[in-house]
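Remarks on the structure that follows.
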Amino acid sequence: MGLGLGSLACGDRDVTPSAPGTDAPDTAENLPPVFADATEKWGVDFENACRFTGEYVLAEIMGQGVVIFDANGDGRLDLYFANGGPVQGDSAPDRLFIAQPDEGYRDATAESGLDCATWTTGVGAADLDNDGDVDLYVGSWGRDRLYRNEGDGTFVEITDVAGIAGDHLTTSVAFLDFDLDGFLDIFVAHYVIPNPDRTCGSIGGGREYCGPAAYTPVPDTLYRNRGDGTFEDASAASGIAGEAASGLGVAVSDFDGDGLLDVYVANDQRPNHLWRNGGDGTFSEVAIRMGVALSGRGNAEASMGVDVADVNGDGWLDIFITHIAGETNTLYLGGATGAFRDASVMSGVGTPSREMTAFGTVFADVDLDGAVDLLVANGRVSQEAIVDGADAPGELARYAERNVLLFNDGAGQFSKSGGRAGAFAKPVHVSRGLASADLDGDGDLDVIVTNVGSPVRLYENVAPRTGHWLVVTAWDHERSRIAVGARVEVTVGERTHVGLSGAGWSYLSGSAPDAHFGLGDAERVDAITIVWPGGERESFPGADVDRVVRLERGTGSR
């Protein structure tokens, strides 16, 4: 996150010359905006309780996340918002909003059993006991909590009985079946050990939030699911505990194509981690060797949010990471060698980000043209001049920045969206969490942004249709749940679109678990292939577009 003086010691400023076309003018200003603010329309009245206190408590500037999942099994997507407070120990409850049959949401916090008031940070949702209901992991500044879903929108806390322990500053949460026993395990990223007696100054001589270099980093935690409702801490045995760093964002995928799910961690001002799954219960750290630990100039940067997609249609997964102002956001392109290369400047994602401090991020084909676009939630970590349009209370206004939407041309070249971002780029908040889903069931992707000390914002995708879409649910019938980590390939003519199942990382947040595809003018897909966790490939017949299809493991051709 690179806070305060710690940010001044961050990696050298990227002065790589921009490639031709990188600073192209805003595109298609005459086209209608993509997003409209639907927060009030959909009935979500949640306001983040964090406030600027002048005490420069580390957690208050880090923000909180949101996770999108079906909490009550009715097939609609519900929303869970993490919450904080003015100071540690004076926190407000998290909030659960249940989707309604007609439109919008109702606040179901009180009846859900999720109204515990602690300082919550990152949240994640997955079916951990294979009973068909999605459970909830709530990260905290302090003791994390695990909730079992009772199947009707109510939850029971099982933290102690499940063996979830530790008292760290948790950030992002991810799920994977790393040992292929059929039960999802939990990967929890941790930041640092906050020290309330530690103070840091700004370049102007005043106080400011400390960066991670001022604190002791904490190793991340891997909980292995025993399958009986309990977990064991496998951090040491797996090797995860061997590297302590200030982790913020987490992404899970099979990055090397061996059928095993690996873990990528965005670390703040320390080299990022790529944990390669050895298949024997252990992980090896290979980020340096694979080219994703540092920037292209060899610097450890203030890595925050992360997402994974195939941005250029070559079939290889690429990794995007957000950074602090003075650096550029990073796009690592994957390739046939298995290694990655920094393409931040050449792709166009670098230059527009240089003056921004970015946190949450998602890849989403917002215009359904067949290319994943890029959304980034911004907000400073040190006080600057107030940006025009800033809509954050009090001194928080000095941390507010505008969010950014970049359009992808399909070949991995990104350009500014200008006015087409619509409400997503205004008003200006201290934005942190970002997640995407088709919230209104019309086939395109909407987004949610959490803001420090301000109301959450729900943005409805209102862009005129320029293409078709397909949503694929990769279902493991034996486990009664979505196959988290499955790779979904949708073939249209000579183009194969790649999506990931159960994936939604960003920063402190989780998006909808199904694989969503924009398909442009294609009116039918020719074939669908799923690579299940473990590496088994199954092919399924083509399908008509503009629909949701559920494909069950074992029913395709191998």
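Small disclaimer: the values here were computed from a predicted structure and weren't measured.
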Is the side chain of [X] donor-acceptor paired with the backbone N or O of [Y] at a distance under 3.5 Å, no angle test?
X	Y	result
Ser501	Ala515	no
Thr154	Glu150	no
Asn451	Asn48	no
Asn461	Leu445	yes
Ser172	Leu248	yes
Glu40	Ala38	no

By side chain to side chain contact (heavy atoms under 4.5 Å, CB included), which residues pair with Asp442, not counting sequence neighbours?
->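 For Asp442 the side chain to side chain contact (heavy atoms under 4.5 Å, CB included) partners, ignoring immediate neighbours, are Asp438, Asp440, Asp444, Arg465.
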Taking side chain to side chain contact (heavy atoms under 4.5 Å, CB included) as the test, write out the residues that go with Ala125, two or more places apart.
->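 Per chain and number, Ala125 pairs via side chain to side chain contact (heavy atoms under 4.5 Å, CB included) with Val67, Phe69, Val134, Leu136.
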In sequence, state the C-alpha distance, the side-chain angles, and the governing distance for Tyr105 and Asp78, and then conclude on side-chain hydrogen bond (donor to acceptor under 3.5 Å, both in side chains).
-> CA-CA 8 Å; Tyr105 297 84; Asp78 309 306; over 6 Å; no
Between [X] and [Y], does any side-chain donor sit less than 3.5 Å from a side-chain acceptor?
X	Y	answer
Asp446	Tyr459	no
Thr361	Thr322	no
Ser480	Asn130	no

Should [X] and [Y] count as side-chain neighbours, where that means a heavy-atom distance under 4.5 Å?
X	Y	result
Arg537	Thr529	yes
Phe187	Val265	yes
Asn378	Thr357	no

So, Phe178 versus Phe283, ring centres under 6.0 angstrom or not?
->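 Ring-ring flag for Phe178/Phe283: true, centres closer than 6.0 Å.
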Could you check whether the rings of Tyr147 and Phe155 sit parallel, tilted or perpendicular, using 30° and 60° as the cut-offs?
->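 Tyr147 vs Phe155 ring planes: perpendicular.
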Can you pull the salt bridge (Lys or Arg N to Asp or Glu O under 4.0 Å) pairs that have at least one residue in residues 510-534, sequence neighbours excluded?
->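 The answer is Arg524-Asp544.
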Closest heavy-atom pair and its distance - Leu128, Leu184 =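 So the minimum-distance heavy-atom pair works out to CD2-O, 3.8 Å.
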Closest non-hydrogen atom pair, Ala377 against Arg432 =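 Scanning both residues, the minimum pair turns out to be CB-O, 4.0 Å.
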Scan Glu301, Met304, His323 and name whichever one has a side chain to side chain contact (heavy atoms under 4.5 Å, CB included) with Asn329.
->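 With Asn329 as partner, Glu301, Met304, His323 yield a single side chain to side chain contact (heavy atoms under 4.5 Å, CB included), made by His323.
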